[in-house]
Number of protein chains: 2
Amino acid sequence: MPRTRRSGCPINLTLEQLGDRWSLIVIRDVMFGNRRTYGELLEGSEEGIASNILADRLEWLTAAGLLARRADPDHAQRRIYSLTEPAIQLVPLLAQMGAWGRRHTRPSKALSVRAELLEQGGPPLWAAFMDELRHLHLGAARPARSVFAELQAAFEKATARPAR
Amino acid sequence: MPRTRRSGCPINLTLEQLGDRWSLIVIRDVMFGNRRTYGELLEGSEEGIASNILADRLEWLTAAGLLARRADPDHAQRRIYSLTEPAIQLVPLLAQMGAWGRRHTRPSKALSVRAELLEQGGPPLWAAFMDELRHLHLGAARPARSVFAELQAAFEKATARPAR
DNA sequence: TTGACCACTTGCGAGTTGCAAGTGGTTGAA
DNA sequence: TTCAACCACTTGCAACTCGCAAGTGGTCAA
């Protein structure tokens with residue numbers, strides 16, 4: 001990817017950071033799937049990301065300040081990836097992408113449940129989710145509400161029963 | 001670009017349609033710059049899109065149902081591109097991209113004015129803008145408010161005086 | 001000690017990007 | 001009627017990127 005500064009337009013600059021076919025997929029998996037290591041991201045990938053592409057994107061996203069990497073205290077070679085505040089602020093963008101995709105593509109029912117909930121909940125739900133991500137990734141206090149658990153429960157309910 | 005269906009996730013499917021470095025740039029220029037022909041898009045491109053890439057993306061976006069192409073009644077070889085309803089519904093997504101880029105990248109002042117206005121106006125402004133795009137591109141009635149003119153005036157004011 | 005695990009890295013063929021130049025029909029002025 | 005400018009692309013090509021498959025070297029648990 002040529003990551004040169006083509007123009008100073010904020011939409012363009014967002015595209016230059018995230019406008020490829022994998023970066024946002026990785027952030028989505030860390031954010032909604034709470035996958036925190038290379039192995040979890042590689043094995044759990046719905047889209048089947050290749051190992052070299054994953055390594056490249058983790059490197060790029062870390063350098064860009066969207067992910068932070070630290071050692072696992074319990075396991076010398078394992079490294080834990082966390083979302084940074086800029087990445088957490090992508091929640092509204094990902095919610096809009098999910099909402100658009102739900103309306104204008106043919107997504108699978110099960111994988112749309114989270115997008116639907118995020119759309120219905122709107123900005124207040126996004127804010128609650130962002131607070132929870134700050135707890136999970138930045139060490140902030142645990143908020144009262146767990147949007148993550150709500151999304152997960154809805155997803156699991158949808159996968160338990162086949163789409164009707 | 002391999003445009004295969006990697007998964008049924010709505011975020012992924014949105015990325016598969018728009019997740020490259022040029023598609024959204026083209027839509028942005030049609031939407032906010034009201035560039036309606038190949039030549040206008042090529043000449044006016046802030047980012048300097050190459051002619052073959054532009055031709056490829058116009059073809060792809062038309063096939064994907066995001067742009068519509070029709071002949072210009074006044075000029076046999078000129079073709080006019082319009083946004084379709086799905087593309088108009090990208091307004092909230094582009095607004096969020098602009099908002100994120102404004103906060104987390106170093107955009108130029110002049111090119112950030114529109115993003116700032118869209119962010120301040122929020123969903124009501126987006127809705128008004130979408131109504132106006134339906135007028136400009138789909139032949140709907142002209143709405144009372146012209147968000148397009150407001151954005152354009154703010155942009156021109158910002159370019160007239162250098163950033164302070 | 002040994003086999004599994006972990007986070008990548010390497011090799012390579014196929015595909016994509018983007019610069020520069022070219023194509024062929026259309027328009028408008030002389 | 002001629003012809004240069006315009007219009008929407010195409011083509012050629014070198015450089016780069018993608019993604020599959022296999023490999024690397026350190027670490028952990030039994």
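Scope of the values below: all heavy atoms of this structure, side chains included, with no hydrogens, waters or symmetry mates.
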Query raised in the report: When the nearest nucleotide of DNA chain D is assigned to R78(B) and to D74(A) on a heavy-atom basis, which residue is associated with the more 5' position?
Result: R78(B)
Report task. Please state whether the phosphate of dC8(C), meaning OP1 or OP2, lies under 4.0 angstrom from any side-chain nitrogen or oxygen of R79(A). Result -> yes
Query raised in the report: What nucleotide among dC8(C), dG19(D), dT9(C) has an atom nearest to a side-chain atom of S51(A)?
Result: dT9(C)
Report task. Answer yes or no: is there a donor N or O on one side and an acceptor on the other, between the side chain of W126(B) and the main chain of L93(B), under 3.5 Å? Result -> no
Query raised in the report: When you measure from the side chain of Q77(A), which nucleotide among dG26(D), dC18(D), dC9(D) comes out closest?
Result: dG26(D)
Query raised in the report: Does a sphere of radius 6.0 Å around CZ in R69(B) hold more than 12 heavy atoms from other residues, nucleotides or ligands, not counting ones at 6.0 Å or beyond?
Result: yes
Query - Closest listed nucleotide, where the reference is the side chain of A55(B) and the choices are dC8(C), dC18(D), dC9(D) - result: dC9(D)
Report task. Provide, to the nearest angstrom, the distance between the CG atom belonging to D20(B) and the P atom belonging to dT17(D). Result -> 15 Å
Query - Closest to side chain of Y81(B), choosing from dC9(D), dG11(C), dA7(C) - result: dC9(D)
Requested in this report: Kindly point out which of dA8(D), dT27(C), dG19(D) is positioned nearest to the side chain of A76(B)?
Outcome: dT27(C)
Report task. Return the value, rounded to whole Å, for the distance between atom CZ of R69(A) and atom P of dC6(C). Result -> 18 Å
Report summary line: L61(A) CG to dC8(C) P, in whole Å, measures 13 Å
Query raised in the report: Between dT16(C) and W22(B), is there an OP1 or OP2 to side-chain N/O distance shorter than 4.0 Å?
Result: no
Query raised in the report: From the list dC19(C), dC28(D), dC8(C), which nucleotide is the closest neighbour of the side chain of H75(A)?
Result: dC28(D)
Report summary line: N52(B) atom CG is separated from dG22(C) atom C1', nearest whole Å, by 13 Å
Requested in this report: State whether the side chain of E40(A) and the backbone N or O of R36(A) hold a donor-acceptor pair below 3.5 Å, judged by distance alone.
Outcome: yes
**Report entry** Residue whose closest nucleotide on DNA chain D lies nearer the 5' end, L42(B) versus I53(A)
**Finding:** L42(B)
Report summary line: Between CG of D56(B) and P of dA8(D) the distance, given in whole Å, is 17 Å
Report summary line: Checking dG25(C), dT9(C), dC9(D) against the side chain of Y38(A) (C-beta onward), the nearest is dT9(C)
Query - Length of the CZ-C1' vector between R21(A) and dG15(C), whole Å - result: 13 Å
Query raised in the report: How about R106(B): does its CZ atom have over 12 heavy atoms from other parts shown lying under 6.0 Å from it?
Result: no
Query raised in the report: Are any side-chain N or O atoms of S112(A) and backbone N or O atoms of R102(A), one a donor and one an acceptor, separated by less than 3.5 Å?
Result: no
Report task. Check whether any side-chain N or O of R57(B) sits under 4.0 Å from OP1 or OP2 of dG18(C), and answer yes or no. Result -> no
Report task. Grab the CD-C1' distance between E47(A) and dG19(D) for me, whole Å please. Result -> 15 Å
Report task. Measure from CD on E40(B) to P on dC9(D) and round the result to the nearest Å. Result -> 13 Å
